[in-house]
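Here's the structure we're looking at; comments come further down.
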Amino acid sequence: MKRVLIIGTGGTIASKKYDLGLRPELKIEEIIKHVNIPKDICSLEGKTIMNIDSTNMTPDKWFVIANHIKQYYELFDGFVITHGTDTMAYTAAALTYIFHNLNKPIIITGSQYPITEFYTDGIQNLTEAVYFAMENITGVFICFDGDLIAGTRATKIKTRSYDAFESVNFPVVANIKHHKVLYDTRIKDQFLQKENFNPLEIRTKYNDRILVIKLIPGMHADIFDFIKEHYDGVIIESFGLGGIPDNEHNIALKINELIETGIVVVLTTQCLEEGVEYGVYEVGSLLPRDKTIIAGDFNTETLVAKTMIAMGNFNTIGDIKKYIEKPYTYLPG
Ligand code: ASP
């Protein structure tokens with residue numbers, strides 16, 4: 001018999017309709033009632049720790065969630081977090097980096113429609129999340145529309161459809177059909193629980209003085225003067241494989257100035273798939289390789305969480321760079 005704790009944080013799954021629109025209101029007890037799982041294979045408990053639209057999620061609240069899991073870690077075999085879909089990918093990535101020595105599954109789920117609506121996807125997603133939380137795996141994952149997606153690889157790509165999430169630059173870890181879990185055998189091993197493990201730890205520090213800038217053609221360079229004054233780090237969504245303009249509007253020059261003053265610069269791309277690569281184009285070689293973080297094929301949500309946590313826990317650009325550039329998941333071969 002497995003023990004699973006369901007932690008409620010809000011989102012559409014917990015929402016009811018009000019004059020201004022949907023608002024999270026249901027307590028976890030009302031949500032758990034819908035889980036469709038035989039009582040003799042799993043004992044379920046629930047806790048509501050916040051009830052927010054995930055639009056209002058903050059790094060502080062990631063740590064509230066993490067601390068609850070730490071508090072109940074020994075009592076349960078797996079954890080499910082119900083969460084709004086809009087910032088779910090950020091929370092999934094953040095929890096991956098906040099926990100150290102995690103050896104149990106944490107499955108984040110939610111729905112596109114409230115669990116009390118007859119066309120809801122909430123019952124399926126929540127029930128399947130519980131099935132995944134009973135598996136002997138470790139890591140933070142998103143469970144949505146039958147897919148189990150690594151927490152560092154998920155992106156919300158649709159605002160209304162049931163298949164709202166995509167696994168970016170990495171295979172879906174597993175699917176569930178008729179309550180049977182089927183893994184992608186190429187990557188399963190890295191998610192199996194360890195036999196010899198150390199106690200769970202939480203990284204408690206982060207730096208949220210960062211922002212994401214998406215370059216546009218003809219962008220004015222003066223925004224980088226503002227960033228230099230007010231921020232400690234910036235994630236740049238450049239063009240294609242890593243292109244940064246160096247003509248009339250010399251953005252590359254400005255970013256070099258930021259790097260010189262010690263601001264953390266992470267170079268990523270506006271393309272969802274296949275990532276950045278330093279040095280393929282001249283316009284992709286204008287920043288110093290050793291002081292710029294080259295984001296590889298990580299999605300922006302993951303970079304936001306990882307950069308905040310890296311900047312809170314490491315002091316030198318060398319250490320921050322090493323931590324961010326190292327992939328958490330890998331595709332063998
Ligand atoms: N706005 C909602 C939220 O992120 C959307 C959802 O849960 O699907 O909380």
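Quick caveat, the model's predicted, so the values are computed rather than measured. We count ligands from 1, going down the list as the structure has it; atoms in each ligand are counted the same way.
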Can you tell me how far CD1 of I293 sits from CD of E325, rounded to the nearest 0.5 angstrom? 7.0 Å
Between side-chain atoms of residues 253-263 and protein atoms elsewhere (two or more places apart, or another chain), which donor-acceptor pairs fall under 3.5 Å?
{"unit_1": "K254", "atom_1": "NZ", "unit_2": "D225", "atom_2": "OD1", "d": "2.9"}
{"unit_1": "K254", "atom_1": "NZ", "unit_2": "D225", "atom_2": "OD2", "d": "3.3"}
{"unit_1": "N256", "atom_1": "ND2", "unit_2": "A252", "atom_2": "O", "d": "3.1"}
{"unit_1": "N256", "atom_1": "ND2", "unit_2": "L286", "atom_2": "O", "d": "2.8"}
{"unit_1": "E257", "atom_1": "OE1", "unit_2": "K228", "atom_2": "NZ", "d": "3.2"}
{"unit_1": "T261", "atom_1": "OG1", "unit_2": "E257", "atom_2": "O", "d": "3.4"}
{"unit_1": "T261", "atom_1": "OG1", "unit_2": "L258", "atom_2": "O", "d": "2.8"}

Among residues at least two apart in sequence or on other chains, which ones pass ring pair (Phe, Tyr, Trp, His ring centres under 6.0 Å) with F118? none
Side-chain donor-acceptor pair present, Y183, E135, cut-off under 3.5 Å: yes
Does the distance from a Lys or Arg side-chain N to an Asp or Glu carboxylate O, for D77 and K104, drop under 4.0 Å? no
Under a strict 4.0 Å criterion on non-hydrogen atoms, which protein residues are in contact with ligand 1? G11, T12, D53, S54, G84, T85, D86, S111, Q112
Scan for ring-ring contact (aromatic ring centres under 6.0 Å, His included) pairs involving residues 186-219, sequence neighbours excluded, and state none if there are none. F63-Y206, F141-F191
